[in-house]
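Everything below concerns the one structure shown next.
A quick note: this is a predicted structure, and the numbers were derived from the prediction, not measured. Order of the sequence lines fixes the chain letters, A, B, ..., with proteins taken first and strands second; residue numbering starts at 1 for each chain.
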4 protein chains.
Amino acid sequence: MSFEFLPDKPIYQQLIDRITGELIRGVIRPGEKLPSVREYAVEAGVNANTMQRVYKELEGMGITETKRGQGTFVTENPERLQTLREERKAQLIADFLRDIEALGFTREEITDYMTGRGRND
Amino acid sequence: MSFEFLPDKPIYQQLIDRITGELIRGVIRPGEKLPSVREYAVEAGVNANTMQRVYKELEGMGITETKRGQGTFVTENPERLQTLREERKAQLIADFLRDIEALGFTREEITDYMTGRGRND
Amino acid sequence: MSFEFLPDKPIYQQLIDRITGELIRGVIRPGEKLPSVREYAVEAGVNANTMQRVYKELEGMGITETKRGQGTFVTENPERLQTLREERKAQLIADFLRDIEALGFTREEITDYMTGRGRND
Amino acid sequence: MSFEFLPDKPIYQQLIDRITGELIRGVIRPGEKLPSVREYAVEAGVNANTMQRVYKELEGMGITETKRGQGTFVTENPERLQTLREERKAQLIADFLRDIEALGFTREEITDYMTGRGRND
DNA sequence: GTGGTCTAGACCACG
DNA sequence: GTGGTCTAGACCACT
């Protein structure tokens with residue numbers, strides 16, 4: 001097994017996105033133990049160092065906690081996960097709107113297009 | 001004078017976005033002569049090599065044409081500009097939707113949020 | 001029952017510090033019998049291997065003695081406890097002063113701050 | 001040339017401490033360009049990856065900014081450096097006092113010792 | 001030239 | 001077994 005990665009974004013970033021995405025969707029739950037660095041590295045088809053970096057970054061984000069010699073666990077604190085979700089959403093949208101305007105589109109034109117109105121007119 | 005650039009996106013990309021955005025908004029018009037690479041580089045506060053790359057990519061995109069000894073001009077072809085506009089829009093949205101899913105959100109949740117419905121319910 | 005441990009220091013070290021601290025404060029007295037490795041491990045909420053290591057290091061430091069079949073006892077020798085106390089103090093301070101200098105502070109600035117002078121001037 | 005490193009602390013941490021120390025002492029000034037990752041790595045006698053990590057961590061701390069293709073610079077913002085200094089000092093002392101108490105010493109006993117009174121009595 | 005990412009493989013301390 | 005650090009060497013995008 002080995003994941004598919006986009007060529008234009010760092011692998012470690014895509015892995016972070018993937019894991020936080022699973023957290024947001026509830027695939028991974030608070031308190032749950034994540035696979036070991038080495039296990040996950042093999043599963044994802046990346047080097048252990050790359051996975052190590054992912055785990056460290058997640059810990060820096062307050063998403064995981066590591067218990068020495070035992071492994072890495074999703075933080076029990078559900079608030080953090082909730083704010084994570086909202087932060088992500090707000091950031092995603094802010095970036096998108098910024099791009100829209102930089103390229104000369106209006107917000108309405110884009111949202112109309114996305115909600116399907118653009119295709120039916 | 002020197003433009004403001006976001007730290008997370010290549011400067012040359014931001015310049016391309018800027019120029020195509022001005023094209024889409026009509027700030028720059030078909031047939032119009034663009035500043036020389038050196039002039040524009042100074043104005044933007046970037047290295048001449050960076051500006052050179054911008055012009056080269058714009059030409060590769062079929063947006064500009066170089067007339068030797070005269071300078072760089074926006075293509076006269078209005079169809080190209082129209083397709084450019086649509087290509088950009090489609091690309092922008094496709095990327096956005098990809099990110100949404102990668103991070104565990106649903107398309108509806110995001111569009112609701114963007115169109116304001118998410119805040120009023 | 002299970003002790004609280006700081007995340008950045010080895011658990012076995014924190015346990016050694018705790019026990020020597022109790023010795024210094026007189027909570028534990030020379031000649032006193034310590035709990036068995038297993039008992040103490042359960043009480044502290046740590047792995048028995050970890051506790052084993054703590055006892056081993058304490059014995060290596062000359063703080064405890066093991067009487068086969070009877071258990072582990074704090075050394076009767078009061079001089080050893082006295083030197084232990086001084087060694088600890090000197091080590092603690094030496095490390096602290098080293099850190100101070102490594103980070104660009106002067107010894108005076110820090111001691112002034114600690115003794116309260118830094119806040120009242 | 002190659003720096004001396006203590007064996008019990010990660011090299012990258014010691015390098016971070018060193019650089020922030022130079023910042024605190026004013027050896028390095030706001031806006032100044034730091035040596036390139038590779039240069040500094042050679043000078044310190046460490047691998048370029050290790051130095052890379054140091055620079056990234058510094059950036060994460062808000063101490064440096066990197067201008068793509070140009071290098072890494074100390075942030076111009078002097079407030080950040082000031083708070084850095086105070087944070088460092090407070091952290092250093094808090095850790096020290098914690099250790100003191102964990103080991104059964106009183107704060108007075110230690111500060112007396114450090115300010116020289118302990119040696120003259 | 002610059003910072004940044006990735007791999008491969010080794011070694012360590014901790015529990 | 002776990003996470004963490006370090007080296008060596010390669011490759012990439014950006015300026």
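Interatomic distance, B/Ile19 CD1 to B/Ile24 CD1, rounded to the nearest 0.5 Å: 12.5 Å.
Remark: D/Phe96 engages C/Phe96 in a ring pair (Phe, Tyr, Trp, His ring centres under 6.0 Å) (not counting sequence neighbours). Every side-chain contact (heavy atoms from CB on, under 4.5 Å) that A/Arg29 has, sequence neighbours left out, goes to A/Glu32. In terms of the side-chain contact (heavy atoms from CB on, under 4.5 Å) criterion, residue partners of D/Glu22 (sequence neighbours excluded) are, by chain and number, D/Arg18, D/Arg25, D/Val27, D/Ile28, D/Tyr40. Contacts of B/Glu87 classified as salt bridge (charged side-chain N to carboxylate O under 4.0 Å, His left out), with partners at least two apart in sequence or in another chain: B/Arg80. Scanning for side-chain contact (heavy atoms from CB on, under 4.5 Å) contacts around C/Leu6 gives C/Gln14, D/Arg98, with sequence neighbours left out. Judged as a side-chain contact (heavy atoms from CB on, under 4.5 Å), and not counting sequence neighbours, the contacts of B/Asp17 are A/Leu103, B/Lys9, B/Gln13, B/Arg88.
Heavy atoms of C/Asn49 sit nowhere under 4.0 angstrom from any nucleic acid atom.
Contacts between residues 69-77 of chain D and DNA chain E, defined by a heavy-atom separation under 4.0 Å, are made by D/Gly69, D/Gly71, D/Thr72. DNA chain F is contacted by A/Ser36, A/Val37, A/Arg38 of residues 34-46 of chain A, taking any non-hydrogen atom closer than 4.0 Å. Residues from residues 50-57 of chain D lying near DNA chain F, meaning a heavy-atom separation below 4.0 Å, are D/Thr50, D/Arg53 in numerical order.
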How does DNA chain E look in dot-bracket notation if pairs are Watson-Crick or G-U with both distances under 3.5 Å, crossing ones as [ ], other-strand ones as |?
-> ||||||||||||||.

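Donor-acceptor pairing under 3.5 Å is recorded for the side chains of C/Thr66 and C/Glu59.
Sequence neighbours left out, the pairs with a member in residues 47-56 of chain C that pass side-chain hydrogen bond (donor to acceptor under 3.5 Å, both in side chains) are C/Tyr12-C/Arg53, C/Asn47-C/Asn49, C/Arg53-C/Glu57.
Along DNA chain F, the nucleotide nearest B/Pro10 and the nucleotide nearest A/Arg68 are compared for position; the residue whose nucleotide lies closer to the 5' end is A/Arg68.
Looking at D/Arg68 and B/Ile11, their side chains come closer than 4.5 Å, going by heavy atoms from C-beta outward.
In the 5' to 3' direction, nucleotides of DNA chain F lying under 4.0 Å from heavy atoms of chain A begin and end at F/dG1 to F/dC6.
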